[in-house]
**Student:** 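After the structure tokens below, expect a handful of questions from me.
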Amino acid sequence: MTPRFQKLDTKLVHAGEDRASVRGAVAMPIFQSAMYETAHDDGEPRYIRYNNTPNHEVLHRKLASLENAEAALVTSSGMAAISTAFLSFLSTGDHALVQDCLYGGTHGLVTRSFAGFGITFDFIDGTDPDSWKAKLTPRTKVIYVETVSNPLMGVPELEAVVAFAHEHNLVSMIDNTFASPANFRPAEWGFDLSLHSGTKYLNGHSDVVAGAVIGKAEQVDAVGRKMRHLGGSLDPHACYLLHRGMKTLGVRVARQNESALAVARFLEAHPAVARVSHPGLQSSPDHARASRFFDGYGGMLSFVPAGGVKAAERLFERVTIPLVAPSLGSVESLLTRPAQTSHAGVPREDRERIGIVDELVRMSVGIEDLEELIDDLRRGLD
Ligand SMILES: *Cc1c(COP(=O)(O)O)cnc(C)c1O
């Protein structure tokens with residue numbers, strides 16, 4: 001079928017919808033039914049754990065369309081997407097190359113759970129492709145990176161990851177949560193699988209936990225089969241919330257791209273701020289790569305207050321617009337100290353070696369009025 005919708009904002013609203021099968025309902029209703037009569041099945045039985053009810057199928061079509069990929073499936077969380085994807089291509093004796101600066105949950109999965117499955121791994125520096133080959137083993141099956149690393153907003157050599165995977169017959173996986181399909185579409189660059197925490201930008205409203213796997217049909221099918229065994233499927237009500245939230249992804253992320261860059265520039269010029277990390281800043285070591293790969297620099301940034309942990313805490317007490325909470329990608333601005341939240345499980349010396357000092361503040365920029373948001377931050381910092 002040739003896609004009728006070419007542009008992301010149109011696809012968000014219309015792609016994958018099947019109004020005829022729901023009697024013309026303009027909004028997708030919730031099909032809260034665990035199983036379906038077999039008499040109506042064209043192929044396999046429909047069941048929520050099989051991820052093939054109407055609420056799943058509309059999301060799968062829409063998500064694949066958004067990243068110009070062949071296939072997609074939703075999962076019960078971002079970690080379900082990531083763990084199921086890993087376990088679909090790695091078994092006892094296998095080895096993976098994983099980026100050294102990972103989301104905390106993924107870091108825990110790799111460093112604490114892989115050993116129990118007999119899976120080994122090596123960390124790689126995503127910005128130094130020449131160093132990867134030395135870490136290959138005859139059993140290396142997967143290379144795994146994040147589009148934008150948390151919390152220092154690093155951007156790996158994404159094109160080199162795909163080339164390396166092709167050369168060495170690896171499955172290339174990328175956690176595309178921070179970029180969202182609005183800013184980066186891994187399939188267009190040849191990645192096999194793009195993984196998402198749908199909890200973040202895709203849903204965008206802090207009211208659901210979900211995940212997504214998007215990519216080549218063969219690999220997505222393999223993850224779908226593994227998911228039926230591991231059971232990390234998404235409930236129809238959560239599907240409905242994810243679907244509803246996704247429709248505004250384009251307008252939300254466009255605003256967040258713009259606001260985050262403005263906030264980053266404001267912070268960079270403020271005397272109470274020692275350092276700002278945002279790939280849109282000219283000063284960012286990742287700026288050139290981000291400009292080459294992305295349609296926008298994203299809504300995430302981090303900064304080091306000059307006055308240390310005390311200054312960070314004072315800021316948290318004084319601001320009235322951003323909420324102090326973990327997670328990201330939602331309509332409201334959020335502040336957090338990664339050393340206390342996402343990276344609390346990473347030993348201090350490992351943290352500081354990669355630049356995650358105790359006072360580092362991460363900000364997920366929301367869609368509030370920009371002037372009011374910057375005024376609020378200014379009051380907190382002055
Ligand atoms: C939140 C997050 C995850 C995990 O997602 P959950 O929905 O919380 O399971 C994975 N990767 C990144 C980059 C995240 O921000």
**Student:** So, the side chain of Glu188 versus the backbone of Asn68: is there a donor-acceptor pair under 3.5 Å, distance only?
**Tutor:** no
**Student:** If only atom types and distance count, is the side chain of Asn183 paired as donor or acceptor with the main-chain N or O of Ser180 below 3.5 Å?
**Tutor:** no
**Student:** Could you see if Leu12 belongs to whatever hydrophobic cluster contains Val331? Use Ile, Leu, Val, Met, Phe, Trp, Tyr and a side-chain cutoff under 4.5 Å.
**Tutor:** no
**Student:** Is there a path of hydrophobic side-chain contacts, each under 4.5 Å between heavy atoms of I/L/V/M/F/W/Y residues, joining Val253 to Leu242?
**Tutor:** yes
**Student:** Measuring from atom CG of Leu315 to atom CZ of Arg379, what distance do you get when rounded to the nearest 0.5 angstrom?
**Tutor:** 12.0 Å
**Student:** In terms of hydrophobic clusters joined by side-chain contacts under 4.5 Å, are Leu323 and Leu370 together?
**Tutor:** no
**Student:** How far apart are the closest heavy atoms of Val209 and Ser77, and which atoms are they?
**Tutor:** CG1-CB, 3.6 Å
**Student:** Verify, without hydrogens or angle tests, whether Thr84 (side chain) and Ala81 (backbone) share a donor-acceptor contact under 3.5 angstrom.
**Tutor:** no
**Student:** Is there side-chain contact between Leu152 and Leu360, with heavy atoms separated by less than 4.5 Å?
**Tutor:** yes
**Student:** Decide side chain to side chain donor-acceptor pair (under 3.5 Å) for Ser259 and Arg255; before the verdict, give the C-alpha distance in whole Å, the side-chain angles of both, and the deciding distance to 0.1 Å.
**Tutor:** CA-CA 6 Å; Ser259 291; Arg255 165 72 83 100; 4.8 Å; no
**Student:** Between Arg318 and Asp382, which heavy-atom pair has the shortest distance, and what is it?
**Tutor:** NH1-O, 3.9 Å
**Student:** Search all heavy atoms of Met363 against all heavy atoms of Pro322 and return the closest pair with its distance.
**Tutor:** CE-CG, 4.5 Å
**Student:** Check the pair Leu158 / Trp189 against side chain to side chain contact (heavy atoms under 4.5 Å, CB included), numbers first and verdict last.
**Tutor:** CA-CA 8 Å; Leu158 299 172; Trp189 295 81; over 6 Å; no
**Student:** Would you say that Pro156 contacts Phe293 through its side chain, given a criterion of any heavy-atom pair below 4.5 Å between the two side chains?
**Tutor:** no
**Student:** Whether the side chain of Ser364 engages the backbone of Leu334 through a donor-acceptor N/O pair (distance < 3.5 Å, no angle test) should be reported.
**Tutor:** no
**Student:** Less than 4.5 Å apart, any side-chain heavy atom of Glu372 and any of Asp375?
**Tutor:** no
**Student:** Would you please indicate yes or no on a ring centroid separation below 6.0 angstrom for Tyr144 and Phe86?
**Tutor:** yes
**Student:** Decide yes or no for Phe89 and Leu193: does some side-chain heavy atom of the first lie under 4.5 Å from some side-chain heavy atom of the second?
**Tutor:** yes
**Student:** Say you draw a straight line from CD of Glu218 to CG of Asp192; how long is it, rounded to the nearest 0.5 Å?
**Tutor:** 9.0 Å
**Student:** Supply the atom-to-atom distance Tyr201 OH to Ser330 OG, rounded to the nearest 0.5 angstrom.
**Tutor:** 9.5 Å
**Student:** Please set out all donor-acceptor pairs under 3.5 angstrom arising from side-chain atoms of residues 15-26, sequence neighbours excluded.
**Tutor:**
from	atom 1	to	atom 2	distance (Å)
Glu17	OE2	Lys62	NZ	2.8
Glu17	OE2	His243	NE2	2.7
Glu17	OE2	Lys247	NZ	3.2
Asp18	OD2	Ser21	OG	3.3
Arg19	NE	Val26	O	3.4
Ser21	OG	Asp18	O	3.1

**Student:** Is it true that a side-chain atom of Arg139 and a backbone atom of Thr92 form a donor plus acceptor pair closer than 3.5 Å?
**Tutor:** yes
**Student:** Do Glu157 and Arg292 pass the salt bridge (charged side-chain N to carboxylate O under 4.0 Å, His left out) test, and can you show the C-alpha distance, the side-chain angles, and the key distance before you say yes or no?
**Tutor:** CA-CA 10 Å; Glu157 288 288 356; Arg292 195 150 60 88; 3.7 Å; yes
**Student:** Ser283 and Glu268: which non-hydrogen atoms are nearest, and at how many Å?
**Tutor:** OG-OE2, 2.5 Å
**Student:** Is it true that atom CZ of Arg61 has more than 12 heavy atoms of other residues, nucleotides or ligands lying nearer than 6.0 Å?
**Tutor:** yes
**Student:** Would you kindly confirm whether Val251 and Leu66 end up in one hydrophobic cluster when ILVMFWY residues are joined by side chain heavy atoms under 4.5 Å apart?
**Tutor:** no
**Student:** Within the structure provided, determine whether Met153 and Asp286 are in side-chain contact (heavy-atom separation under 4.5 Å).
**Tutor:** no
**Student:** Can you find a heavy atom in the side chain of Ile367 that is under 4.5 Å from one in the side chain of Gln256?
**Tutor:** yes
**Student:** If I compare all heavy atoms of Ser194 with all of Asn176, which pair ends up nearest, and what's the gap?
**Tutor:** OG-CB, 3.5 Å
**Student:** Do side-chain atoms of Asn55 reach the backbone of Tyr240 as a donor and acceptor pair under 3.5 angstrom?
**Tutor:** no
**Student:** So does Asp358 get a backbone contact from the side chain of Arg337, meaning a donor-acceptor N/O pair under 3.5 Å?
**Tutor:** yes
**Student:** Check the pair Thr140, His95 against side chain to side chain donor-acceptor pair (under 3.5 Å), reporting the backbone distance first and the verdict last.
**Tutor:** CA-CA 4 Å; Thr140 308; His95 174 261; 2.8 Å; yes
**Student:** Taking His205 for its side chain and Asp207 for its backbone only, find out whether a donor-acceptor pair lies under 3.5 Å.
**Tutor:** no
**Student:** Return the OG to CZ distance between Ser302 and Arg275, rounded to the nearest 0.5 Å.
**Tutor:** 7.0 Å
**Student:** Can you tell me how far the SG atom of Cys239 sits from the CG atom of Asn51, to the nearest 0.5 Å?
**Tutor:** 7.0 Å
**Student:** Quick check: is Ile374 connected to Met300 through a chain of hydrophobic side chains (ILVMFWY, heavy atoms under 4.5 Å apart)?
**Tutor:** no
**Student:** Between Asp175 and Gln99, is a side chain to side chain donor-acceptor pair (under 3.5 Å) present by the stated rule, with each step listed?
**Tutor:** CA-CA 11 Å; Asp175 181 333; Gln99 198 183 342; over 6 Å; no
**Student:** Name the orientation class of the two ring planes belonging to His60 and His56 (parallel below 30°, tilted from 30 to 60°, perpendicular beyond 60°).
**Tutor:** tilted
**Student:** Given 3.5 Å as the limit, does a donor-acceptor pair link the side chain of Ser284 with the main chain of Gly280, or not?
**Tutor:** no
**Student:** Please confirm whether the backbone N or O of Gly298 pairs with a side-chain atom of Asn257, one donor and one acceptor, at under 3.5 Å?
**Tutor:** yes
**Student:** Looking at Ala260 and Leu301, what are the two nearest heavy atoms and their distance?
**Tutor:** O-CD2, 3.5 Å
**Student:** Please work out whether the ring planes of Tyr47 and Tyr50 are parallel, tilted or perpendicular, with thresholds of 30° and 60°.
**Tutor:** perpendicular
**Student:** Mind listing the side-chain donor-acceptor pairs of residues 102-115 below 3.5 Å, one per line with the distance, residues two or more places apart or on another chain?
**Tutor:**
from	atom 1	to	atom 2	distance (Å)
Thr111	OG1	His107	O	2.7

**Student:** Within the structure provided, determine whether Phe5 and Val13 are in side-chain contact (heavy-atom separation under 4.5 Å).
**Tutor:** no
**Student:** Kindly determine whether Leu8 and Asp295 satisfy side chain to side chain contact (heavy atoms under 4.5 Å, CB included), including the steps that lead there.
**Tutor:** CA-CA 12 Å; Leu8 185 99; Asp295 291 346; over 6 Å; no
**Student:** Tell me whether the centres of the aromatic rings in His287 and Tyr297 are closer together than 6.0 Å.
**Tutor:** yes
**Student:** Using side chain to side chain contact (heavy atoms under 4.5 Å, CB included), reason through Leu63 and Leu202 one step at a time and then give a plain yes or no.
**Tutor:** CA-CA 10 Å; Leu63 284 163; Leu202 287 177; 4.0 Å; yes
**Student:** Evaluate whether atom CD of Glu258 has more than 12 neighbouring non-hydrogen atoms of other residues, nucleotides or ligands under 6.0 angstrom away.
**Tutor:** no
**Student:** Using side-chain heavy atoms (C-beta onward) and a distance below 4.5 Å, is Gln32 in contact with Asp235?
**Tutor:** yes
**Student:** Please step through side chain to side chain contact (heavy atoms under 4.5 Å, CB included) for the pair Lys141 and Ile119, ending with a clear verdict.
**Tutor:** CA-CA 10 Å; Lys141 297 279 174 66; Ile119 299 166; over 6 Å; no
